[in-house]
Amino acid sequence: MIYRLLALNIDGTLIQSNGRLSKSSKEAIEYVQQKGIYVTLVTSRSLPSARKVAKALKLENYIVTHQGALISDNADQTLYVNRLTEELTYEIIRFLEGFICQIRLVHEKFSLANKSRLNHNMLAKTVFNSGDPVFYSHQFVDVLSEVLLEEPVSAPKIEVYFEEKKDCLDAKEVLDKMFEEVNIVQMNDLRLEILPEGVNKLNGLLYLAEHLGINRREIVVIGDSLDDKEMIEAVGLGVAMGNAPSELKFSADWVTRSNNQDGVAYMVKEHFRKQQPIEFLRKMNIIK
């Protein structure tokens, strides 16, 4: 099979446990691009945060961010965006304020969160370790719903961090019943991500692939999280990182090394060194 698009998750895939990109990963991405393969990022990160990684990898391509709700490039050319409406956002926030949780509206230009402090301080830890550039504004307010009454926000995504596992499960169950217009993604036992209906990483990736004229069988996905599972199962070659959970590894076609062992670079060397450059394959009339 000839592959024309490589899609990569960021955290736990490209990024090591120390928060850094390895030299080997950067070189692997450069190598793949030199062969004419389109490289993109598919991430739950905000656009500014994902752009920072794209810049480090010297990617000028479209990247899929906000869990698939926003596809854009480094030049602010937006290919696709899907937002929660202002009214829906307000109703969801009002419901969530009945729980002990931190709520973060993730817009492409800023984030807005409540000041409620959890014992494990999950949101603050996430915000300051997320890789968001310093010019990406993080605003904390006392009561989020009151602020939204004065200044409504239509954001691509809402992140919610709970103190208790039961609250996370209960909130997800009720949200699924109350709001048909949303897609609820459970990231872990204490975290939910709320997106517009139909938004997920797979749909975002396929939208980009269709725009590029690339068939899903010509796509390679490398990921480490359960929210990468649909992508890994749907494309031509689905690769799980060595640090991925067992469920994801069982769904993958191939398992590479962990993020701390340069799993992306290892996979690229094993699979792409045998593939001729895309331009050469065109000249030989092997592909169009």
Side-chain angles (χ1 to χ4, degrees), residues 9-12 42-47 49-50 64-70 82-108 110-130 132 138 140-141 143-145 148 153-204 223-231 244-245 247-248:
N9 184 30
I10 295 179
D11 297 290
V42 184
T43 177
S44 64
R45 284 194 181 203
S46 69
L47 178 61
S49 177
V64 182
T65 65
H66 296 262
Q67 202 76 250
L70 181 61
N82 195 342
R83 304 177 188 279
L84 298 162
T85 65
E86 293 175 353
E87 296 78 11
L88 183 59
T89 299
Y90 177 76
E91 290 176 14
I92 292 171
I93 297 303
R94 282 295 305 269
F95 166 73
L96 289 170
E97 285 175 341
F99 292 88
I100 299 175
C101 64
Q102 284 193 302
I103 310 159
R104 184 189 185 203
L105 298 183
V106 187
H107 192 273
E108 64 267 31
F110 62 88
S111 77
L112 182 64
N114 61 333
K115 287 181 179 177
S116 174
R117 293 301 179 189
L118 306 183
N119 288 336
H120 50 68
N121 209 10
M122 179 67 79
L123 178 58
K125 189 179 294 184
T126 299
V127 165
F128 294 112
N129 289 331
S130 67
D132 285 342
H138 299 292
F140 291 87
V141 299
V143 183
L144 204 49
S145 60
L148 294 178
V153 173
S154 177
K157 185 176 70 165
I158 301 172
E159 296 176 356
V160 197
Y161 303 83
F162 293 88
E163 181 73 40
E164 302 291 340
K165 294 180 182 180
K166 185 178 185 304
D167 284 348
C168 185
L169 289 172
D170 289 347
K172 183 179 186 304
E173 183 179 352
V174 177
L175 285 166
D176 280 331
K177 292 178 181 176
M178 286 179 62
F179 303 104
E180 295 180 354
E181 315 97 310
V182 299
N183 176 29
I184 315 292
V185 181
Q186 185 156 357
M187 302 298 288
N188 56 44
D189 289 339
L190 298 173
R191 178 181 170 187
L192 298 179
E193 293 198 351
I194 303 170
L195 305 151
E197 182 185 14
V199 168
N200 54 51
K201 285 184 173 181
L202 173 59
N203 287 343
D224 72 289
S225 302
L226 288 179
D227 61 344
D228 299 319
K229 186 172 182 284
E230 284 184 310
M231 291 194 298
E247 183 179 344
L248 191 68

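A side-chain N or O of Ser145 and one of Glu97 form a donor-acceptor pair less than 3.5 Å apart. Counting only N and O atoms by type, the side chains of Asp224 and Asn9 include a donor and acceptor under 3.5 Å apart.
Counting all heavy atoms, side chain and backbone alike, Lys229 lies closest to Leu248 at CA-CD1, 3.5 Å. The nearest pair of heavy atoms linking Ala155 to Val106 is CB-O, 3.8 Å. The heavy-atom pair separating Thr65 from Arg45 by the smallest distance is CB-O, 3.6 Å. Considering every non-hydrogen atom in both Pro196 and Asn183, the closest pair reads O-CB, 3.8 Å. For the residue pair Asp227 and Gln67, the shortest heavy atom distance occurs at OD2-OE1, 2.8 Å. The minimum heavy-atom distance linking Leu96 with Cys101 is given by the pair O-SG, 3.4 Å.
Once rounded to the nearest 0.5 Å, the distance linking CD1 of Ile92 with CZ of Phe179 reads 5.0 Å. A distance of 11.0 Å separates CG in Leu195 from CG in Asn203, rounded to the nearest 0.5 Å. Taking OH from Tyr90 and CG from Leu148, the interatomic distance works out to 8.0 Å, rounded to the nearest 0.5 Å. Separating the CG atom in Leu190 from the CZ atom in Phe162 is a distance of 9.0 Å, to the nearest 0.5 Å. In this structure, Leu175 CG and Glu173 CD are separated by 10.5 Å, a value rounded to the nearest 0.5 Å.
With respect to Glu230 and Lys201, no salt bridge is recorded, no charged nitrogen being found less than 4.0 Å from a carboxylate O.
For the pair Ser225 (side chain) and Asp228 (backbone), a donor-acceptor distance under 3.5 Å is absent. In terms of modelled atom types and a separation under 3.5 Å, the side chain of Thr89 and the main chain of Thr85 share a donor-acceptor contact. Judged by distance alone, the side chain of Ser46 and the main-chain N or O of Glu108 form no donor-acceptor pair under 3.5 Å.
Put simply, the side chain of Val141 does not reach to within 4.5 Å of the side chain of Lys115, judged on heavy atoms. Between Met231 and Val42 the shortest side-chain heavy-atom distance falls below 4.5 Å. Residues Asp189 and Lys165 are in side-chain contact: their nearest non-hydrogen atoms beyond the backbone lie under 4.5 Å apart. For the pair Glu193 and Ser44, the minimum side-chain heavy-atom distance is below 4.5 Å.
Here the rule is side chain to side chain contact (heavy atoms under 4.5 Å, CB included) with Val153, and of Leu105, Leu144, Ile93 only Leu105 fits it.
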Begin with the C-alpha distance, continue with both residues' side-chain angles, and end with the deciding distance and a verdict on side-chain contact (heavy atoms from CB on, under 4.5 Å) for Ile194 and Lys157. CA-CA 6 Å; Ile194 303 170; Lys157 185 176 70 165; over 6 Å; no

Please evaluate residues Asn200 and Val185 with respect to the criterion side-chain contact (heavy atoms from CB on, under 4.5 Å), reporting the C-alpha separation (whole Å), side-chain torsions for both, the decisive distance (0.1 Å), and the verdict. CA-CA 9 Å; Asn200 54 51; Val185 181; 5.8 Å; no

Phe95 and Val174: side-chain contact (heavy atoms from CB on, under 4.5 Å), yes or no, with the steps? CA-CA 9 Å; Phe95 166 73; Val174 177; 3.5 Å; yes

Between His138 and Arg104, does the side-chain contact (heavy atoms from CB on, under 4.5 Å) criterion hold? Intermediate values first, please. CA-CA 9 Å; His138 299 292; Arg104 184 189 185 203; 3.0 Å; yes

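The ring pair (Phe, Tyr, Trp, His ring centres under 6.0 Å) test applied to Phe110 returns His107, not counting sequence neighbours. Gln186 pairs by the side chain to side chain contact (heavy atoms under 4.5 Å, CB included) definition with Cys168, Leu169, Lys172, Leu192, not counting sequence neighbours.
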